[in-house]
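Notes follow the structure.
First the proteins, then the strands, lettered A, B, ... as listed; each starts at 1. Since the structure is predicted, the reported quantities are computational estimates derived from the model, not experimental observations.
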2 protein chains.
Amino acid sequence: MKIGELAAVTGVSVRLLRYYEEQDLLTPVRTPGGHRSYGPEAPLTVRRIRALLDAGLPTRVIREVLPCVEGDGMFVHPCVSDRLRDQLRGMEERIAELESSRAGLAAILEVTEAAAVG
Amino acid sequence: MKIGELAAVTGVSVRLLRYYEEQDLLTPVRTPGGHRSYGPEAPLTVRRIRALLDAGLPTRVIREVLPCVEGDGMFVHPCVSDRLRDQLRGMEERIAELESSRAGLAAILEVTEAAAVG
DNA sequence: TTAGAAGCTGACACATGTGTGAGCTTCAAG
DNA sequence: CTTGAAGCTCACACATGTGTCAGCTTCTAA
């Protein structure tokens, strides 16, 4: 299938399909004219990519785990669980930082509003 | 005081002091030779900027709230509390998104590890 | 055969705080 | 006066997924 069709069936923009290829997540063959030609598994692959992106993984990590994914991005082989655990740890750290910032800002607001009342 | 001194007493790099000025957070006067000259209040201002940055506020917002800050970034006039509340809401949304991503990733990991055991 | 749709590549843009470097000028101490 | 430190400006780089535009080529349907 052509890139426009794949975009239509997956809801992912043509631009992004090209980007995913640039990131080695998709590897369409080329027609003699140079147009991308995707196999029938491509829509599933794109759905997996989206599922992993939506799970917060960067393309660099998806590139590693993609060969180990089965189903709609909900199962991966144990071979990449270390990678996923790293990623999870990183996300938890980011959440903790954000939460800490949030608390700091909330504290400022509380002081401000207490002063407004008092 | 000169920029190098200010950097030394605040621990903030010269590059960042120039950046804060570019963002209208600091407004040193200039010597006839074009060198920045900071008043004695500058270290406090820089500490406030850092406190607000560390609370997760972008410079664009800090620019607005800075004139209303008192103390070491721990109190602001009520005039900017709407702005802060917006910011707080935005941060809470970001945290929620991240948390949701984290849960998605954790779910994948759980399935993977359950499969590794079973 | 021809026009228009769809494809191609390459590039720039965004946000955002921060590092780094080049190339030049000013300042301060000897 | 001279020299080296410190300052100046301007610019590019990073990450990251995504939009958009220009300029050209291929494909497809009439």
Side-chain angles (χ1 to χ4, degrees), chain A residues 1-38 42 46-64 66 73 86-87 90-91 93-94 97-98 101 104, chain B residues 1-38 42 46-64 66 73 86-87 90-91 93-94 97-98 101 104:
Chain A
M1 69 195 318
K2 291 183 293 183
I3 197 171
E5 301 173 62
L6 184 56
V9 304
T10 60
V12 172
S13 76
V14 166
R15 171 67 174 88
L16 284 184
L17 293 178
R18 296 202 188 106
Y19 175 67
Y20 297 159
E21 178 180 359
E22 191 184 306
Q23 299 298 309
D24 287 324
L25 307 183
L26 284 174
T27 49
V29 297
R30 296 300 180 116
T31 68
H35 286 200
R36 291 169 176 83
S37 179
Y38 296 89
V46 171
R47 260 180 280 129
R48 285 171 176 162
I49 292 171
R50 290 306 322 179
L52 294 170
L53 278 175
D54 290 345
L57 272 63
T59 54
R60 167 180 42 85
V61 173
I62 296 177
R63 177 165 48 243
E64 289 179 51
L66 201 52
D86 283 353
Q87 197 64 28
M91 292 181 62
E93 281 168 20
R94 264 177 293 149
E97 283 168 20
L98 253 187
S101 294
Chain B
M1 71 194 319
K2 291 183 292 181
I3 197 170
E5 301 173 62
L6 183 56
V9 303
T10 61
V12 172
S13 74
V14 166
R15 171 66 175 89
L16 284 185
L17 294 178
R18 296 202 189 105
Y19 175 68
Y20 297 158
E21 177 181 0
E22 189 185 307
Q23 298 298 308
D24 287 324
L25 308 183
L26 285 175
T27 49
V29 297
R30 297 297 180 117
T31 68
H35 285 200
R36 291 170 177 82
S37 179
Y38 296 88
V46 171
R47 261 180 280 128
R48 286 171 176 161
I49 293 171
R50 288 307 321 179
L52 294 171
L53 278 175
D54 290 345
L57 272 62
T59 53
R60 166 180 43 85
V61 173
I62 296 177
R63 176 165 49 240
E64 290 178 51
L66 202 51
D86 284 352
Q87 197 63 28
M91 292 180 64
E93 281 166 21
R94 264 178 292 148
E97 282 166 21
L98 252 187
S101 293

Electrostatic pair B/Arg30-B/Glu21, nearest N-O below 4.0 angstrom: yes
Could you say whether A/Val14 or B/Thr59 is positioned toward the 5' end of DNA chain C, judged by the nucleotide with the nearest heavy atom to each? A/Val14
Nearest nucleotide by nearest heavy atom, which residue falls closer to the 5' end of DNA chain D, B/Glu5 or A/Ser13? B/Glu5
Quick one, B/Val29 and B/Tyr38 - any side-chain contact, counting heavy atoms below 4.5 Å? no
One should read off an interatomic distance between A/Glu22 CD and A/Arg18 CZ, to the nearest 0.5 angstrom, of 11.0 Å
So if I define the base as every atom that isn't primed, P, OP1 or OP2, how would nucleotides 24-30 of chain D read as a B/S/- string at a heavy-atom cutoff under 4.0 Å? --SS---
Any side-chain heavy-atom pair of A/Thr10 and A/Arg47 under 4.5 Å: no
Could you check if a side-chain atom of A/Leu16 sits within less than 4.5 angstrom of a side-chain atom of A/Arg50, using non-hydrogen atoms only? yes
Between the CZ atom in B/Arg60 and the CD atom in B/Gln23, the distance rounded to the nearest 0.5 Å is 10.0 Å
Regarding B/Arg63 and B/Tyr20, do their side chains bring together a donor and an acceptor under 3.5 Å, going by distance alone? no
Output the rounded distance in Å from CD (A/Glu22) to C1' (D/dG19). 14 Å
If I compare all heavy atoms of B/Ile49 with all of B/Ile62, which pair ends up nearest, and what's the gap? O-CD1, 4.0 Å
Describe the nucleic acid contact of B/Arg36 in one word from base, sugar-phosphate, nothing, applying a heavy-atom distance below 4.0 Å. sugar-phosphate
When you measure from the side-chain N and O atoms of A/Arg15 to the phosphate of D/dT20, is any distance below 4.0 Å, counting only OP1 and OP2? no
Quick check: do A/Thr59 and A/Tyr19 have side-chain heavy atoms less than 4.5 Å from each other? yes
Between D/dC8 atom C1' and B/Ile3 atom CD1, what is the distance in whole Å? 9 Å
In short, the helix from C/dT1-D/dA30 to C/dG30-D/dC1 is bent end to end, axes from five pairs each side, to 10°, by 30°
To the nearest angstrom, how far is B/Met1 atom CE from D/dA6 atom P? 15 Å
Under a criterion of less than 4.0 angstrom to any heavy atom of chain B, what are the 5'-terminal and 3'-terminal contacting nucleotides of DNA chain C? C/dT16 to C/dC27
May I ask you to verify if any side-chain N or O of B/Arg30 is less than 4.0 angstrom from the OP1 or OP2 atom of D/dT9? yes
So do A/Val9 and A/Met1 actually touch side chain to side chain, heavy atoms under 4.5 Å? yes
Just the rounded figure in Å: distance from P of D/dA6 to CG of B/Leu6. 15 Å
A/Ala7 to A/Leu17 - nearest heavy-atom pair and separation: N-CD1, 3.6 Å
